[in-house]
Engineer: 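Provided herewith is a single structure, encoded as structure tokens, for subsequent inquiry.
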2 protein chains.
Amino acid sequence: MQITRQTEYAVRTLLELAAAPVGETVSTRLISERQGIPDEFLKKTIQLLVPAHLVTTHRGTGGGVRLAKPATDITLLDIITAIEGTLALNVCLAPDYHCPNKPNCSLSRILGKAQEALLEELQRETLADMINSQK
Amino acid sequence: MQITRQTEYAVRTLLELAAAPVGETVSTRLISERQGIPDEFLKKTIQLLVPAHLVTTHRGTGGGVRLAKPATDITLLDIITAIEGTLALNVCLAPDYHCPNKPNCSLSRILGKAQEALLEELQRETLADMINSQK
DNA sequence: TTTATATTGGACTAATTTTATCCCATTTAT
DNA sequence: ATAAATGGGATAAAATTAGTCCAATATAAA
């Protein structure tokens, strides 16, 4: 019932990027050093953020990573989803899964409600809010 | 970010017990058959519910498991906690863990808030409510 | 055009957690 | 005694998570 370490890596990476001057790219090696993240693993992690449209990358000298959109438009839920896929508090709440008994199932009903409450909070605050609250 | 299968087993087990006539014991074998849970694994699961004071057990012929308290006094959170330990949305929110940087950490702050919202929902409804909503 | 810098991508390994099984001991009612 | 039931330790299998290695490709600058 926890976010994975990789998800935390992703959040810290995006916080680094959000803190950098707008439009400036940062190399994964620099991020990995500053955040103490294994650099090869960080590369994999960033490759999950690209298709989710949270960052863009540029190769070659002077290349690196930058936010794909304003920090005000990226929520914690966006990041978790990019790394872990759609959040589901139980198998039976996953998007594809369908259980014939679902309508009668009080577990899925309660967990569903709890999940809603969780999603709402995770969606409430953006990267920008997180940066500001650090100061 | 999901409850484990074992936790779901525990919930279904407690629902079985809550549905049974008050004070009556049910054998793990019967529960495992009705719920399709591997019986040896179910035993282990029940052994986690005992120290959490959710069920009591009795050995020997005619023995089995029963609720340790009224179904109105058992919440979904109680069950999750019994199986998985204290719920924490990230390592840094676990009871024992302490990070020197926590006061400045916006991730732990947001996750902490989200966790609160989740706990509240998980605590809101009891086994009794779950049984009633099935009817 | 060479060189250094950086991401891309695939294969692989290691570590950890989750799920399950086996088997024998102990308790209890009949 | 015997059958029915939980208790508990050891171990295995499966799945997920974390991390590593390396060759390929793109890019900027010298």
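Residue numbering restarts at 1 for every chain, and letters A, B, ... go by the order of the sequence lines. All heavy atoms count here, side chains included; hydrogens, waters and symmetry mates do not. Source: prediction; values computed, not measured.
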Engineer: Given that A:G62 and A:P38 both sit by DNA chain D, which one's nearest nucleotide is further toward the 5' end?
Structural biologist: A:P38
Engineer: Using a strict cut-off of less than 4.0 Å between a Lys/Arg side-chain nitrogen and an Asp/Glu carboxylate oxygen, indicate whether A:E121 and A:R124 qualify as a salt bridge.
Structural biologist: yes
Engineer: Exactly one of A:I79, A:I3, A:L48 should register a side-chain contact (heavy atoms from CB on, under 4.5 Å) with A:E84. Which one does?
Structural biologist: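 It is A:I3, the one option of A:I79, A:I3, A:L48 that forms the side-chain contact (heavy atoms from CB on, under 4.5 Å) with A:E84.
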Engineer: Round to a whole Å and report the spacing from CD of B:E8 to C1' of C:dT19.
Structural biologist: 14 Å
Engineer: Can you list, by residue number, the residues of residues 9-34 of chain A that have a non-hydrogen atom closer than 4.0 angstrom to DNA chain D?
Structural biologist: A:Y9
Engineer: Once side-chain contact (heavy atoms from CB on, under 4.5 Å) is applied, do any residues pair with A:A128, and if so which ones, sequence neighbours excluded?
Structural biologist: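 With neighbours one apart ignored, the set is A:A71, A:T72, A:T126.
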Engineer: Work out which heavy atom in A:E125 is nearest to a heavy atom in A:D129; give both atom names and the distance.
Structural biologist: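 Closest approach of A:E125 to A:D129: CA-OD2, 3.5 Å.
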Engineer: In residues 92-102 of chain A, what residues come within less than 4.0 Å of DNA chain D, judged by heavy atoms?
Structural biologist: none
Engineer: When you check the gap from the basic side-chain N to the acidic O, do B:E40 and B:K44 get nearer than 4.0 Å?
Structural biologist: no
Engineer: Compute whether any side-chain donor of one residue and acceptor of the other, for A:T81 and A:D78, lie under 3.5 angstrom apart.
Structural biologist: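 On atom types as modelled, these side chains do not qualify, holding no pair under 3.5 Å.
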Engineer: Rounded to the nearest 0.5 Å, what separates atom OG1 in B:T7 from atom CG in A:L89?
Structural biologist: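 So the gap between those two atoms works out to 11.5 Å.
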Engineer: Is the shortest side-chain N/O distance from A:T4 to OP1 or OP2 of D:dT16 below 4.0 Å?
Structural biologist: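 Checking D:dT16 against A:T4, no side-chain N or O comes under 4.0 Å of OP1 or OP2.
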Engineer: Could you tell me how far apart B:I37 (CD1) and C:dT21 (P) are, to the nearest whole angstrom?
Structural biologist: 13 Å
Engineer: Using side-chain contact (heavy atoms from CB on, under 4.5 Å) as the criterion, point out the one residue from B:L54, B:T25, B:T28, B:V26 that pairs with B:V65.
Structural biologist: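 When side-chain contact (heavy atoms from CB on, under 4.5 Å) is applied between B:V65 and each of B:L54, B:T25, B:T28, B:V26, only B:T28 qualifies.
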Engineer: Look at the side chain of B:R5 against the base of C:dT18 and say whether a donor-acceptor pair falls under 3.5 Å; ignore hydrogens and angles.
Structural biologist: no
Engineer: Going by modelled atom types, is there a donor-acceptor pair between the base of C:dG9 and the side chain of A:K43 at under 3.5 Å?
Structural biologist: no
Engineer: Which part of the nucleic acid, if any, lies within reach of B:Q47 when heavy atoms closer than 4.0 Å are counted: base, sugar-phosphate only, or nothing?
Structural biologist: base
Engineer: Using whole Å, report how far CG of B:L42 lies from P of C:dC22.
Structural biologist: 16 Å
Engineer: Find the distance B:H58:NE2 to C:dT26:C1' and express it as a whole number of Å.
Structural biologist: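 Atom NE2 in B:H58 sits about 16 Å away from atom C1' in C:dT26.
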Engineer: Atom CG of A:D39 and atom P of D:dC21: how far apart are they, to the nearest Å?
Structural biologist: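 Result: 10 Å.
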Engineer: Between atom CD in B:E40 and atom P in D:dA10, what is the gap in whole Å?
Structural biologist: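 Nearest whole value for this atom pair: 16 Å.
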Engineer: Is B:T57 close enough to D:dG7 that one of its side-chain N or O atoms is under 4.0 Å from OP1 or OP2 there?
Structural biologist: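 B:T57 to D:dG7 OP1/OP2: side-chain N or O found under 4.0 Å.
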Engineer: Distance criterion of 3.5 Å, no angle test: do you see the side chain of B:K44 paired donor-to-acceptor with the base of D:dG7?
Structural biologist: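 No such pair is found, so the answer is no.
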Engineer: Rounded to the Å, how far apart are A:M1 CE and C:dT18 P?
Structural biologist: 12 Å
Engineer: Atom CZ of A:F41 to atom C1' of C:dT13: distance rounded to whole Å?
Structural biologist: 13 Å
Engineer: Could you check whether the side chain of B:R59 and the base of C:dT28 have a donor-acceptor pair of N or O atoms closer than 3.5 Å, going by distance alone?
Structural biologist: no
Engineer: Name the residue closer to the 5' end of DNA chain C, choosing between A:V50 and A:T61 according to the nucleotide with the nearest heavy atom.
Structural biologist: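 First, find each residue's nearest nucleotide; the 5'-ward one identifies A:T61.
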Engineer: Less than 4.0 Å between a side-chain N and a carboxylate O, is that true for B:E8 and B:R12?
Structural biologist: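 Yes, this pair counts.
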Engineer: Any luck finding a side-chain donor-acceptor pair between A:Q123 and A:T75 under 3.5 Å?
Structural biologist: no
Engineer: Categorize A:G60 for me: base, sugar-phosphate, or nothing, with a 4.0 angstrom heavy-atom threshold over every strand shown.
Structural biologist: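 Base contact.
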